[in-house]
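Reviewing the structure listed below.
Please read these numbers as outputs of a predicted model, since none were measured by experiment.
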Amino acid sequence: MTVRIYNTLSQKKEDFEPQTPPQVSMYVCGVTPYDETHLGHGRAYVTFDVVRRYLEYSDYKVNYIQNVTDVDDKIIAKAQGAKDIKQKCAEIVKQYFDSYQDVMSKLNVKPPSNYPKATEHIDDMVKIIQTLIDKGFAYAIKVGDASDVYFEVAKFNGYGKLSKRKLEDMEAGARVEIDKRKKSPHDFALWKAAKEGEPSWDSPWGKGRPGWHIECSVMSSKYLGQTFDIHGGGRDLIFPHHENEIAQAEAATGKLFAKYWMHNGFVNINKQKMSKSLGNFFTLKDIFEKFDPMVVRLFLLQTHYRSPIDFSDQQLTEASSAYGRLVKFIQDVDFILGKTTETAPQIEIEDIQEDLLEYNEKFTKEMDDDFNTAGAIAAIFEMIHFCHKTLDEGEAEKECLEIMKKSVLDLCEVLGIKLETKAKIELGGMGGAIDDSPEVKKIEDQIAEREAARKNKDFNKADKIRDKLKAQGIILEDTSLGTKWSAVK
RNA sequence: GGCGCGGUACCCAAGUGGUAAGGGAGCGGUCUGCAAAACCGCGAUGCGUGGGUUCGACUCCCACCCGCGCCUCCA
């Protein structure tokens, strides 16, 4: 089976054929660290983390580059008033980028192969801008002592091929303030002459700083080559950002920039896009106060990456229950494993291998189809259901339990959903097998006391103990193998 | 105005030219001292509306209604 990817360029699903398999080069537009990371960002980076993980699972070697826009109007605005503006900008970037990385790590997003920063590639950008001027795709306009440099959109034939718009169509509804100096309102800045109190770098056009789009064209080519396999980002970047990236890069090199363009859908609040400007965003930091990051991850992946997701507490609460079901399965298996006896089990590994394989195949089929995580998650739930059902039918041999557990964990791992840590934390005692801390001892003493009461048919007392533990967040389950307990946070 | 996306049960959400995955909630049952969990069963005669193509459409085509996004920074 081959992976199929929906390519924004062709507006179709295409067979994924990287240039030099098994190598895959992938670039995803990163953040501008000037504020806390919100759920919308989370969705984008979880999406591409899954793309990366699944490609790796499919035996590709992924070189994943994600830039950091560390020079930008918003950062500068936030730094205004500082004595050393460049220094202040760097501090802001550090603060929010650290926070970004922290939050991503909680979401179990693997760090990219590299996080290149715009300010560390000014020279490379200057070179490309010069090339564009030399080739007649760009022009400079004097501003005081320095110059702005603009890309002349009309010179690049193919402009609009990603966002499917024609220059004529855009002019009709453009709400942009018209800058009379530019040859066309669509021309965009490659280099901005420094204004008073702005961080700046030397260039052939005097002191200034790069425009937003150029960094991505430059850094992606630098780390991945002039043509690379996958370019990703949020839907909102299609125009103008990605369109402009293509124009700059392809004008400069004459080569195809990126083969596959992938764009994730938005997170909405009451059907409206979650965004900074609307002020309706929820930061991941805040969400994590109430919900486990893995719940958030599951919530995001239960919808196909290209569809919008409407965010609400209720939806997260539902995802929480679903996640609990996954975790509980691992606990149940661990519990049984901890109790395994020497008796002859009725269910052997041969009985279930084929079935497990079926769910595995369904998972792969779904993921191959443009990373259909919703379908893939369904396959995992079906696999769990099958395992529970099997375990209900009789005693299973140890290998059987282990392969069940491994099968589920492996698939969850491809989606970056962690179960084991949570399962272990909750299942602190495992019937006394793992943890012998005083707290656990105390809980188990009470369980033993309850057990004795139950034997004596003193159910009143037994229920009291159960209620008391429940109030402490300890949930008891009486099974044929004894009482199982877990600590739910 | 241009371009794009979507409308599937109580909620969320996959999917497909041949008769609706999965999750959450609910109801009934098995198990249990009672629970919990798990298991079994129930739950859209129908996939925005109206036409059309077809042996057959929710899936293809047309029109319409509704919601959203991009065209300005935005994941």
Side-chain angles (χ1 to χ4, degrees), chain A residues 8 11 28-32 34 37-48 72-74 77 160 163-177 186 212 232-241 243 263-268 270-278 281 298-299 302-304 306-310 312 314-326 328-329 331-332 362 366 369 372-382 384-385 387-393 454 457-460 462-463 466-467 470 475-480 483-486:
Chain A
T8 308
Q11 294 174 293
V28 174
C29 288
V31 284
T32 302
Y34 73 98
T37 309
H38 64 67
L39 185 60
H41 300 118
R43 182 176 195 194
Y45 303 112
V46 164
T47 294
F48 292 104
D72 159 274
D73 290 351
K74 299 229 162 101
S163 55
K164 317 294 168 202
R165 46 190 96 199
K166 299 182 184 108
L167 287 174
E168 312 89 76
D169 295 339
M170 286 191 285
E171 277 175 283
R175 283 173 285 166
V176 209
E177 258 183 72
H186 301 297
W212 174 37
R235 230 184 180 63
D236 44 2
L237 297 181
I238 296 175
F239 191 89
H241 186 54
E243 196 67 64
H263 294 96
N264 64 275
F266 301 131
V267 176
N268 294 154
N270 297 325
K271 312 264 181 197
Q272 275 199 321
K273 178 186 170 189
M274 176 185 291
S275 76
K276 284 283 165 67
S277 28
L278 287 169
F281 61 93
L298 181 65
F299 163 72
Q302 270 183 311
T303 301
H304 185 96
R306 284 188 282 116
S307 306
I309 298 182
D310 215 43
S312 70
Q314 190 205 336
Q315 290 310 315
L316 273 183
T317 304
E318 288 182 5
S320 212
S321 300
Y323 180 60
R325 189 171 156 83
L326 297 175
K328 173 101 177 21
F329 172 72
Q331 288 178 353
D332 285 350
K362 178 177 175 186
E366 298 289 359
D369 183 13
N372 187 351
T373 53
I377 288 169
I380 295 176
F381 277 108
E382 284 169 33
I384 286 181
H385 183 252
C387 292
H388 268 138
K389 193 174 166 176
T390 305
L391 294 176
D392 255 27
E393 281 162 9
R454 287 178 72 209
K457 306 251 187 253
D458 186 355
F459 297 121
N460 217 319
D463 291 350
R466 184 169 62 195
D467 290 346
K470 192 177 176 185
I475 305 296
L476 301 190
E477 276 177 48
D478 297 323
T479 78
S480 58
T483 299
K484 173 168 159 282
W485 66 272
S486 55

Original post:
Can you tell me how far C1' in B/G46 sits from the matching atom in B/U30, rounded to whole Å?
Top reply: 32 Å
**OP:** Tell me whether the OP1 or OP2 atom of B/A37 has a side-chain N or O from A/Arg325 closer than 4.0 Å.
**Re:** no
Original post:
So what does A/Gln314 hit on the nucleic acid, given a heavy-atom distance under 4.0 Å: a base, only sugar-phosphate, or nothing?
Top reply: sugar-phosphate
Original post:
Below 4.0 angstrom from OP1 or OP2 of B/C40, is there any side-chain N or O of A/His385?
Top reply: yes
**OP:** List the atom of A/Tyr45, the atom of A/Val31, and the distance in Å for their closest heavy-atom pair.
**Re:** OH-N, 3.6 Å
Subject >> Face-to-face stacking of A/Phe381 with B/G22, centres under 5.5 angstrom, angle under 30° >> reply: no
Subject >> Paired nucleotide for B/C5 [Watson-Crick or G-U wobble; both distances under 3.5 Å] >> reply: B/G67
Original post:
Is a side-chain N or O of A/His388 found less than 3.5 angstrom from the main chain of A/His385, in a donor-acceptor match?
Top reply: no
Original post:
Between the base of B/C73 and the side chain of A/Asp72, is there a donor-acceptor distance below 3.5 Å?
Top reply: no
Original post:
Between A/Asp463 and A/Arg466, does at least one N-O distance fall below 4.0 Å, as a salt bridge requires?
Top reply: yes
Original post:
Is the base of B/A36 touched by the side chain of A/Arg466 through a donor-acceptor pair closer than 3.5 angstrom?
Top reply: no
Subject >> Short side-chain N/O contact to B/C70 OP1/OP2 from A/Lys273, under 4.0 Å >> reply: yes
Original post:
Can you name the salt bridge (charged side-chain N to carboxylate O under 4.0 Å, His left out) partners of A/Lys362, sequence neighbours left out?
Top reply: A/Glu382
**OP:** Indicate, with a heavy-atom threshold strictly under 4.0 Å, whether A/Phe299 touches base, sugar-phosphate, or nothing.
**Re:** nothing
Original post:
Mind checking who B/U54 pairs with, Watson-Crick or G-U wobble, both distances under 3.5 Å?
Top reply: none
Subject >> Contact summary for A/Asn268 and A/Pro308, nearest pair of heavy atoms >> reply: OD1-CB, 3.5 Å
Subject >> Presence of A/His388 side-chain N/O under 4.0 Å of B/A37 phosphate oxygens OP1/OP2 >> reply: no
Original post:
Taking only side-chain nitrogens and oxygens of A/Asn268, does any of them come within less than 4.0 Å of OP1 or OP2 of B/C68?
Top reply: no
**OP:** Would you please confirm or rule out a distance under 4.0 Å between OP1 or OP2 of B/A38 and any side-chain N or O of A/Lys328?
**Re:** no
**OP:** Both distances under 3.5 Å, Watson-Crick or G-U wobble: report the partner of B/G22, or none.
**Re:** B/C12
**OP:** With heavy atoms under 4.0 Å as the rule, sort A/Gly233 into base, sugar-phosphate or nothing.
**Re:** sugar-phosphate
Original post:
For B/A14, does OP1 or OP2 lie under 4.0 Å from any side-chain N or O of A/Ser307?
Top reply: yes
Original post:
Whom does B/C39 pair with, Watson-Crick or G-U wobble, provided both distances fall under 3.5 Å?
Top reply: B/G29
**OP:** Rounded off to whole Å, could you give me the NE2-to-C1' distance for the A/His241 and B/C71 pair?
**Re:** 16 Å
**OP:** Calculate the interatomic distance between A/Arg43 atom CZ and B/G69 atom P; express it in whole Å.
**Re:** 15 Å
